[in-house]
K.L.:
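Just dropping this structure here.
Order of the sequence lines sets the chain letters (A, B, ...), proteins ahead of strands, with each chain counted from 1.
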Amino acid sequence: MKLDGKIPEGPLDQKWNKYKNSVRLVNPSNKRNIEVIVVGTGLAGSSAAASLAEMGYKVKAFCFQDSPRRAHSIAAQGGINAAKNYMNDGDSTYRLFYDTIKGGDYRSREANVHRLAEVSASIIDQCVAQGVPFARDYGGLLDNRSFGGTQVSRTFYAKGQTGQQLLLGAYSALSRQIGKGSVKLYNRHEMMDLVVVDGKARGIIARNMITGEIESHSGHAVVLCTGGYGNVFFLSTNAMGSNVAAAWRAHRKGAAFANACFTQIHPTCIPVSGDHQSKLTLMSESLRNDGRIWVPLHKEDAEAIRAKKLKPTDLPEERRDYYLERRYPAFGNLVPRDVASRAAKERCDAGFGVNATGEAVYLDFASAFMRYGKTAATVQGVHNATEDQIRELGRKVVAGKYGNLFQMYEQIVAENPYQTPMMIYPAVHYTMGGLWVDYELMTTVTGCYACGEANFSDHGANRLGASALMQGLADGYFVLPYTIGNYLADEISTGAISTKTPEFIEAEKAVRERLEGLFKTTGTETVDTYHKKLGKIIWDYCGMARSKEGLEFAISEIRKIREEFYKNVKVPGGMTGVNTELEKATRVADFIELGELMCLDALDRDESCGGHFREEFQTEEGEALRVDDKYSYVAAWEFTGDPSAPKLNKEDLIYENIKVQQRSYK
Amino acid sequence: MSNGNMNLTLKVWRQSSNTAAGKMENYQLGGVSPDMSFLEMIDMLNDQIIRKGEDAIAFDHDCREGICGMCSMFINGEAHGPNRGVTTCQLHMRSFKDGDTIYIEPWRAEGFPVVKDLMVDRAAFDRIIQSGGFVSVNTSGRTMDANAIPIPKDDADKAFDAATCIGCGACVATCPNSSAMLFVSAKVSQFALLPQGHPERKERVLNMVKQMDEEGFGNCSNIGACEVQCPKNISIENIARMNREYLSASVKPEN
Ligand SMILES: Cc1cc2nc3c(=O)[nH]c(=O)nc-3n(C[C@H](O)[C@H](O)[C@H](O)COP(=O)(O)OP(=O)(O)OC[C@H]3O[C@@H](n4cnc5c(N)ncnc54)[C@H](O)[C@@H]3O)c2cc1C
Ligand code: SF4
Ligand code: FES
């Protein structure tokens, strides 16, 4: 397999402009004869489908939810980055570019990241024009907050519901095109396979989730915006339906899968409380603007807290360890996610955890209440306010910023976070790895594109907070609409693509047989049982810390799970009609194969970088130790027919503009 | 913590497809923990059902944190159950007692036909948005700077509050007339409160109301149950605002 990143020539800050000025165009009358399939209606998919339809292409949009508005992007909380420098705090396109490369631990492509930073400002303009109600200050201008791994405030937000507001913006743009008939929507449809004809992606096989029918859909190009694969861990902050099937099926049809082991464990999530749990809930990173993270300084205190003999609010300051502020004075509580997560694990492993399972640390707003309260008292002219009054005023300010998150916490944990510090622990959140794409966002299957979390492109080994929303919308609104034209310019005389060809018929048949096979076992175990088993293995051995020995063990276990799954899984019902267990079963089958690839990828990478922490490779202070001379590459895995024997292809990462350094947040 | 000790009697609406007849089925479920969410309790019930070789109860859900609007259960006669300001997925079993009998049904409204069991078809909401719930602006990257028009914080906050509607349909399911006014008015209000929404405000409200009527949703007779049952506390003031928008759009039609 040849990997050509197709990175344009020229100076970094001119590449995208030059590309846009020279890229081939498709004239309007030809666009009408070209069909594009967009799978996924999250930020990436909705924005791509709407933009392509506005440009004049015929678009078919697919999602497995009942409405495009319910894609997982809806759940994003904290915000979206953009280099607007409205705060006049020294932000710039270059700084956003630099922060992203550094945050990704020097494992992403310079050209892609710079383009992302360049288009970021337009995203905010576009969203405001669509009526997205971002938070504003009293002067009526847009407000910003800070996220981890940066020293500027460039994050735009809509309380704790930024993803919702951005997705509803993109969904409204998509709805407008559906209303005009330029987009045909296929909701409750799940892509089951990619159809490749003469080396080009020409359509998909989808299952109608209401009738159970297996359908063929054709197009001149296929764009996968199907999100990330965090649910391979079973427990994650992703929505229940998020899955890898679409990307994985494309992989099996020739699309290289890159950096599978680069997964993000988010430091601030509600800790696991018991086996019944079906998913984990994020507490947005924005809370680290105002919350301080700590554990007891002394083990006896931690033990007393775990035994419920001591309350955190009763522990005096000098017996608390604000370990992030201690270890990383320059960034404090706002270090990047991988660093914050590992630090929490380190403290808990050392015996300082604060909940019954010993796997939780505090996120404390007490000092924020007082800080905001004092300002509020001054502004409101409350003289000689008592401490209680100040605290109360401060609580109101905090409620205005994060009210819905505090409410969510209370619903789940049944404790009031205004009264006692939140308990948090790292949880799986995001996947930097994904389908390998070139500068034009095309995968290694000609005519098959990947946008948003589904591709590997911009975040290296660790994504900075508030950059996924930015990337999803950048890809869909501002990048793909240009780059896809370069390919479709050759398709103007292709004509409509028939689904009656052997390739479609064969692919349909294969899907049907794969699904029918799942009913043939005389098995007794539920799909979830296998998903949980798989998730636990991957969490234990390919989660926050990895080792050669552990990964080898995990690989052998996953192979066993795969074998057992096909022998013993029980899927009730049949092929027709709604069958939610069948949906889960096919997704889990693909997760099992992906899980093995993640471990193989992690095993190949004899270094630590970003979210990939190999215990064998750390500095004396326990920080990630990269091995740049050997591993400064993208690992793009090729499917060979045997999920246990993928072939590794390498794309070397070349840094011409940034000096590669050991990351430091001290 | 995980192994609970609540025993429950569950009466669940089972209907194999849109055209089949449905009925309430009885289930006994033990070992329920008060820390479980309501949907985790249903997962547990489904596990029991599947192991018996029967068809799992179909229900809609995705985010399980109160934001996607997918979950939609009518629990003991109330949309999203007994608590206020939460969705079904945010409801926890600590809101129930050992020995309780719980009735679980789908949304019932002409505009929301049952797909299977507890799953309904809410595409009507999408079609209402398609009829006008947007600002007509293409993605050129050449719109004006985001800060070119300051928007009073109060208006922006109110627009945001209206925009937090998750499109779940509890308002419709709760309303004796199956009216969709709260949902539609939330979208109309969001755009009416923002300058970006003004150029199209007339056609928007007229088109959306027309589509709403065509979908078979009933009229609003100011009962106010929708607001009480709305998991996002969408205010009924939005309905008043939409009525004003509608009136002024109808009185002075364009051209
Ligand atoms: C709780 C949470 C909070 C977050 N907060 C932030 C934040 O504050 N800032 C930030 O930048 N990022 C945040 N993220 C990350 C960010 O939300 C996601 O990375 C991003 O929304 C992904 O968007 P997407 O368009 O790529 O995919 P998604 O939104 O996941 O959409 C995937 C789409 O693909 C469809 N699909 C998938 N498979 C198939 C199939 N086989 N057939 C048919 N359709 C399919 C789905 O129906 C869906 O429409 C958060 C993530 C989580 C989990
Ligand atoms: S108004 Fe409330 S109840 Fe109605 S759809 Fe929106 S969130 Fe649901
Ligand atoms: S499952 Fe998303 S709101 Fe309940």
K.L.:
In terms of heavy-atom proximity below 4.5 Å to chain A, should B:R127 be classed as side chain, backbone, both, or neither?
P.N.:
neither
K.L.:
Considering only residues two or more places apart or on different chains, which pairs with a residue in residues 130-141 of chain A satisfy salt bridge (Lys or Arg N to Asp or Glu O under 4.0 Å)?
P.N.:
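Found none.
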K.L.:
First locate atom CG of A:L280, then atom CD of B:E65, and finally report the distance between them rounded to the nearest 0.5 Å.
P.N.:
10.0 Å
K.L.:
Sort A:A135 into side chain, backbone, both or neither according to what part of it lies under 4.5 angstrom from a heavy atom of chain B.
P.N.:
neither
K.L.:
Looking only at atom types and distance, does a side-chain atom of A:K279 sit under 3.5 Å from a main-chain N or O of B:C63, one as donor and one as acceptor?
P.N.:
yes
K.L.:
Specify which of A:S47, A:A129, A:C127 makes the most heavy-atom pairs with chain B at under 4.5 Å.
P.N.:
A:A129
K.L.:
Let's test your reading of the structure: which of A:A121, A:S122, A:A414, A:G139 forms the most heavy-atom pairs below 4.5 Å with chain B?
P.N.:
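Ranked by contacts with chain B, first place is A:A414.
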K.L.:
Side chain, backbone, both or neither: which part of A:V119 has a heavy atom under 4.5 Å from chain B?
P.N.:
neither
K.L.:
Taking atom CD1 of A:I74 and atom CD1 of B:I166, what is their separation to the nearest 0.5 Å?
P.N.:
9.0 Å
K.L.:
Can you tell which part of A:T529 gets under 4.5 Å to a heavy atom of chain B, answering side chain, backbone, both or neither?
P.N.:
side chain
K.L.:
Between A:L167 and chain B, with a heavy-atom cut-off of 4.5 Å, which part of the residue counts as in contact: side chain, backbone, both or neither?
P.N.:
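For A:L167, no heavy atom lies under 4.5 Å from chain B.
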K.L.:
Quick test of your reading of the model: are A:R188 and B:D60 salt-bridged, counting only N-O distances below 4.0 Å?
P.N.:
yes
K.L.:
What part of A:L52 gets within 4.5 angstrom of chain B, counting heavy atoms only: side chain, backbone, both, or neither?
P.N.:
neither
K.L.:
Please list, in residue-number order, every residue in residues 81-89 of chain B that has a heavy atom less than 4.5 Å from any heavy atom of chain A; write 'none' if there are none.
P.N.:
B:G85, B:V86
K.L.:
Quick check on A:Q165 against chain B: is it the side chain, the backbone, both or neither that has a heavy atom closer than 4.5 Å?
P.N.:
side chain
K.L.:
Checking heavy atoms, do the side chain of B:Q190, its backbone, both or neither come under 4.5 Å from chain A?
P.N.:
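The answer is the side chain of B:Q190.
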K.L.:
Give, as side chain, backbone, both or neither, the part of A:Q126 having an atom under 4.5 angstrom from any heavy atom of chain B.
P.N.:
both
K.L.:
By a 4.5 Å heavy-atom criterion (distance strictly below it), what part of A:Q407 contacts chain B: side chain, backbone, both, or neither?
P.N.:
side chain
K.L.:
Strictly distance-based, threshold 3.5 Å: is any side-chain N or O of A:R70 a donor or acceptor partner for the main-chain N or O of B:G69?
P.N.:
yes
K.L.:
Please check if the side chain of B:D62 supplies one atom and the backbone of A:A71 the other of a donor-acceptor pair under 3.5 Å.
P.N.:
no
K.L.:
Any idea which of A:G131, A:P68, A:G476, A:G573 has the most non-hydrogen atom pairs under 4.5 angstrom with chain B?
P.N.:
A:G131
K.L.:
Would you mind checking which part of A:L141 comes under 4.5 Å of any heavy atom in chain B, side chain (CB onward), backbone (N, CA, C, O), both or neither?
P.N.:
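Contact with chain B is through both the backbone and side chain of A:L141.
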K.L.:
With sequence neighbours left out, which residue pairs that include part of residues 123-132 of chain A fulfil the salt bridge (Lys or Arg N to Asp or Glu O under 4.0 Å) condition?
P.N.:
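Found A:K84-A:D125.
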K.L.:
Among residues 40-47 of chain B, which residues come closer than 4.5 Å to chain A, judged by heavy atom distances?
P.N.:
B:E40, B:D43, B:D47
K.L.:
With a 4.5 angstrom heavy-atom cut-off, could you sort out which part of B:L194 is near chain A: side chain, backbone, both or neither?
P.N.:
side chain
K.L.:
Just give me the residue among A:G169, A:S67, A:G577, A:S278 that pairs up with chain B most often, heavy atom to heavy atom, under 4.5 Å.
P.N.:
A:S278
K.L.:
Could you state the interatomic distance from CG (B:D126) to OG (A:S175), rounded to the nearest 0.5 Å?
P.N.:
6.0 Å
K.L.:
Say whether, by atom type as modelled, one donor and one acceptor occur between the side chain of A:Q164 and the main chain of B:T164 under 3.5 angstrom.
P.N.:
yes
K.L.:
Could you look at B:F191 and say if it's the side chain, the backbone, both or neither that has a heavy atom under 4.5 Å from chain A?
P.N.:
side chain
K.L.:
Under 4.5 Å heavy-atom distance to chain A, tell me which part of B:I149 shows up: side chain, backbone, both or neither.
P.N.:
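Only the backbone of B:I149 comes within 4.5 Å of chain A.
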K.L.:
Between A:Y171, A:F156, A:F64, who has the most heavy-atom pairs with chain B when the cutoff is under 4.5 Å?
P.N.:
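Max contact count across the listed options: A:Y171.
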K.L.:
If you define the side chain from C-beta out and look only at heavy atoms, does anything of A:Q277 sit under 4.5 Å from B:M36?
P.N.:
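No, side chains not in contact.
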K.L.:
Check whether A:T524 gets within reach of chain B through its side chain, its backbone, both or neither, counting any heavy atom under 4.5 Å.
P.N.:
backbone
K.L.:
Just give me the residue among A:V132, A:L142, A:T357 that pairs up with chain B most often, heavy atom to heavy atom, under 4.5 Å.
P.N.:
A:L142
K.L.:
What part of A:Y138 gets closer than 4.5 Å to chain B, counting heavy atoms only: side chain, backbone, both or neither?
P.N.:
both
K.L.:
Please classify the contact of A:Q77 with chain B as side chain, backbone, both or neither, using a heavy-atom distance under 4.5 Å.
P.N.:
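For A:Q77, side-chain heavy atoms alone lie under 4.5 Å from chain B.
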K.L.:
Quick check for you: to the nearest 0.5 Å, what is the distance between A:D528 atom CG and B:I50 atom CD1?
P.N.:
7.0 Å
K.L.:
Quick check on B:S136 against chain A: is it the side chain, the backbone, both or neither that has a heavy atom closer than 4.5 Å?
P.N.:
both
